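Notes for the one structure printed next.
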Amino acid sequence: MKSTLPAKVATRLLLALGLLSASPAPGGAQAMPQDLARATLEDLLKIRITSASRKEERPDDVPAAVSVITEDDIRRSGITTVPELFRLVPGMTVSQINSNNWAISVRGFGNLTSNKILVLVDGRSIYNRAFSGEFWNSLDLLVEDIDRIEVVHGPGGAMWGANAVNGVINIITKSAADTKGALVRIGAGTRDDGQAAARYGGSIGNLAYRVSSQWSTFGGSSIDSGTAAPDGWNSFTTGFRADWTRDADTVTMEGGLVTGDAHAMWRRVFTPGVAAAVANGASFTRNGTLLGRWTHTRSNGAALKVQSFFDRRRRDDLDVSELEVIADLDVQYHTTLGSRHDVVLGGGHRHNDTRLDGSYTFSLNPPAAKSLISNAFLEDAIAIGNRVHVTLGGKVEHDSVSGWGLVPNARLMWSVVPSSQNLWVAVSRALRTPSGSDVAVTIHYATFTGAQGVPIVLAFLGNPNFQSERFVDSEVGYRLNLGVSTAVDVTAFRGQYSGLLTHEPVAPVFESTPFPPHLLIASKYANLLDADTAGVEIAAHWTPFGTWRIDGSYSAFHLTPHLDPASKDPAAVTFDGGAPAAQYQVHTSVRLGPKAEVTTGLYHVGPLLKTNVPAYTRADARLEFAATKQLSVVATGRNLLERTHRENADPTNPLRSTLVPRTGSVRLVWRF
């Protein structure tokens, strides 16, 4: 870990500072947005979200547990990588595995690909069909382009379909009309070897547009207190967005390209009888996307939305190459029927082609797979009197791999005291459909020499008969607003999972290839674990003054496994959900006059008992200073309480885990 800025980077920063400071000031431009001064709860209550019910509504009116990270939250955090932003979400567990990989979860089940969370960017799913989840190091966005991040805690399958089991994350980017002008950000730090971002937006008649690019390079973490880990990575993303509006019609086109390479530190088995080793070669990502959306709004408020996207994603992890091509079409219609019914309905179709050319360590058989997914959904929010609403809905989906699936929900919202107290309850069902790995994978994860010198290889095998994992969730929530300065949100939940993954032993076989001849001892995937979960999430906001804001949250989680008597997987009996029993965080932001702002955050995460990760508390701090009307200087410190700490040590993880180091960085942000 470096302790000083590289000389070349420092020189460039000083040169840029001089140039930017000397630049003429456009009229009225400000280096630091005035967001905090107006970020009272009254303003926050004006936010509209779309991820819970696919229609615009206030978060307080949603009969579900929702969190919103606003653009002001993002700016005040000083965070510039998307996975780290999720630390701001109450109850969300962010566990950094090494410098370039994270295990992220909502209400448990955190793992490398977070297979029980559905992640969307402007409604575009980034779900990976081969691995059932997301690779977080390939989700690279210019954070200044993000308008908000909406997080729905709990099942979202009734609107978004399979794999929206424990939560839905929808990253909403800003309209091009809201990003006119130019922005430049450059920076470096003790671990961030360098970052540079640029954006420019404008308009031509009814057309608003923007283009943006970002380059980032990150140093490694630590294997132990005195040994650096070779897990550095870098990423480059570039994209565009155009929004055309005339009368009742809005058309959006956006696209982007993400490229990157990372030393992921995969554990590899190359030859039977030779111990597994950590491979330090680079993994490469090349992702391209194109999205189009047309919205037509009628005079009575009814709206038709048609969206389609095309993704091409390629990953090359040393000796494993994956190519995924996705074409998706989604149509929805929102209208009211009479004075009591607010209806959203629609459907869609997705074509997904995946090919994975594997290795002895990891392979799929067959290597190529195609899936076709068709769906239809309907939700009706019914007003019963002036203070009670009942929402009934569901989605039916046909997957060419897993067959038919139905994910309904029922929700009730009671406005106990209009505009200040709301009580809601919900019952929902969700599914996680089998991935390519679940049904067709072979993973050789360990090897050693047994009696008489016979090599022995341990393996996991996919199961062509693997079924969808099922989840039924019950929730109750209470929201309280005390004027425009204080708000409290409490949610309690209980869930029942059925058919979770277990590893069931199969008869050993003797193999002659690859050389040398060896004994294969394998376990096959099965659905022989059920589990009950329970927990509570509490979030509070207080704005004592217009220039001072405090946010805090606490969450508790507990999982009880129930193993089928037919199972022979002893590890499943001790499964704890991979999440801490309790965690909390507190953030405060203070505006110090017209030119300076200080933000601090304190995070406490309880121990992960099964994987022997101790509890830790981390403190972050950020100072932003407006040097000129165009230029602000941002200094950020992370993990200030300890030199290093561990967040993940799952022995089943195919990556080597490392320690998270203390870091500091300085950035220059120029707006004009």
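Keep in mind it's a predicted model, so treat the numbers as computed, not measured.
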W548 and T588: side chain donor to acceptor below 3.5 Å: yes
No-hydrogen, no-angle side-chain donor-acceptor test under 3.5 Å, Q307 and R124: no
**OP:** Tell me yes or no: between the side chains of H153 and S67, is some donor less than 3.5 Å from an acceptor?
**Re:** yes
So salt bridge (Lys or Arg N to Asp or Glu O under 4.0 Å) across residues 195-217, not counting sequence neighbours, yields D145-R199, D145-R210
Answer yes or no: is there a donor N or O on one side and an acceptor on the other, between the side chain of S53 and the main chain of K55, under 3.5 Å?
no
Looking at N639, is its backbone amide N or carbonyl O close enough to the side chain of D620 to form a donor-acceptor pair, meaning the two atoms are under 3.5 Å apart?
yes
**Message:** Under 4.0 Å between a side-chain nitrogen and a carboxylate oxygen: does that hold for R87 and E647?
**Reply:** yes
Value for CD1 (I326) from CG (D311), rounded to nearest 0.5 Å, stands at 5.5 Å
Exercise for the section: Look only at the side chain of T190 and the backbone of G664, and say whether a donor-acceptor pair between them is shorter than 3.5 Å. Expected result: yes
Worksheet item: So, D72 and R75, do they make that salt bridge, N to O below 4.0 Å?
Response: yes
| message | Salt bridge check, D73 against R549: does any charged N sit closer than 4.0 Å to a carboxylate O? | response | yes
Does the side chain of D122 come under 3.5 Å of the side chain of T173 through a donor N or O and an acceptor N or O?
yes
Regarding D231 and N100, do their side chains bring together a donor and an acceptor under 3.5 Å, going by distance alone?
no
Query raised in the report: Checking salt bridge (Lys or Arg N to Asp or Glu O under 4.0 Å) for the pair R58/D61: CA distance, chi angles, key distance, verdict?
Result: CA-CA 5 Å; R58 294 190 324 136; D61 296 333; 3.1 Å; yes
Does the side chain of L183 come within less than 4.5 Å of W670's, by heavy atoms?
no
The reported gap from OH in Y209 to CG in D243 (rounded to nearest 0.5 angstrom) is 13.0 Å
Is there a side chain to side chain contact (heavy atoms under 4.5 Å, CB included) between T113 and N128? Walk through the geometry before answering. CA-CA 9 Å; T113 55; N128 182 294; over 6 Å; no
Worksheet item: Do W102 and F86 have ring centroids that are under 6.0 Å from one another?
Response: no
- Message: Can you tell whether the side chains of E642 and R662 come within less than 4.0 Å, N to carboxylate O?
- Response: no
- Query: Going by atom types only, do S99 and S221 share a side-chain donor-acceptor pair under 3.5 Å?
  - Reply: no
query: Are D330 and R54 close enough for a salt bridge, meaning some N to O gap below 4.0 Å?
result: yes
query: Does K174 reach the main-chain N or O of E144 with its side chain, forming a donor-acceptor pair under 3.5 Å?
result: yes
### Query
Salt bridge or not for E254 and R241, using N-O below 4.0 Å?
yes
Taken to the nearest 0.5 Å, the spacing of R246 CZ from L207 CG works out to 12.5 Å
- [ ] Using modelled atom types only, decide if a donor and an acceptor are shared between the side chain of S114 and the backbone of I104 within a distance under 3.5 Å.
- [x] yes
- request: Decide whether S51 and N170 meet the rule of one side-chain donor and one side-chain acceptor closer than 3.5 Å.
  value: yes
| Distance-only polar pair, side chains of S589 and R76, donor-acceptor under 3.5 Å | yes
Return yes if some donor-acceptor pair links the side-chain N/O of R479 with the main-chain N/O of D60 below 3.5 Å, else return no. yes
Taking atom CZ of R314 as the centre, report whether more than 12 heavy atoms of other residues, nucleotides or ligands fall under 6.0 Å from it.
yes
- [ ] Would you verify whether the NZ or CZ of R315 falls within 45 degrees of the ring axis of F135 while also being under 6.0 Å from that six-membered ring's centre?
- [x] yes
| task | Please check if the side chain of N206 supplies one atom and the backbone of W244 the other of a donor-acceptor pair under 3.5 Å. | result | no
The reported gap from NZ in K629 to CZ in R671 (rounded to nearest 0.5 angstrom) is 15.5 Å
Under a 3.5 Å cutoff, is there a donor and acceptor pairing between the side chains of T80 and Q195? yes
* For the pair H587 and Y603, name the ring-plane relationship: parallel under 30°, tilted 30 to 60°, perpendicular over 60°. => perpendicular
Could you tell me whether the side chains of T354 and N352 share a donor-acceptor contact shorter than 3.5 Å? yes
Practice item. Please confirm whether the backbone N or O of P90 pairs with a side-chain atom of Q585, one donor and one acceptor, at under 3.5 Å? Key: no
Note to self: For D261 and W233, which I'm curious about, is there any donor-acceptor pair between the side chains at under 3.5 Å?
What the structure shows: no
Indicate yes or no for a side-chain donor-acceptor contact from S175 to the backbone of A177 under 3.5 Å, with no hydrogens or angles considered.
-> yes
Test side-chain hydrogen bond (donor to acceptor under 3.5 Å, both in side chains) applied to D140 and Q214, step by step: CA-CA 9 Å; D140 190 16; Q214 176 174 266; 3.0 Å; yes
Can D317 and S283 be counted as having a side-chain donor-acceptor contact under 3.5 angstrom? yes
Partner of D328 under salt bridge (Lys or Arg N to Asp or Glu O under 4.0 Å), picked from R129, R293, R350, is R350
Taking atom types as modelled, is there a side-chain donor on N648 or Q96 under 3.5 Å from an acceptor on the other?
-> no
* Is it true that a side-chain atom of E150 and a backbone atom of T50 form a donor plus acceptor pair closer than 3.5 Å? -> yes
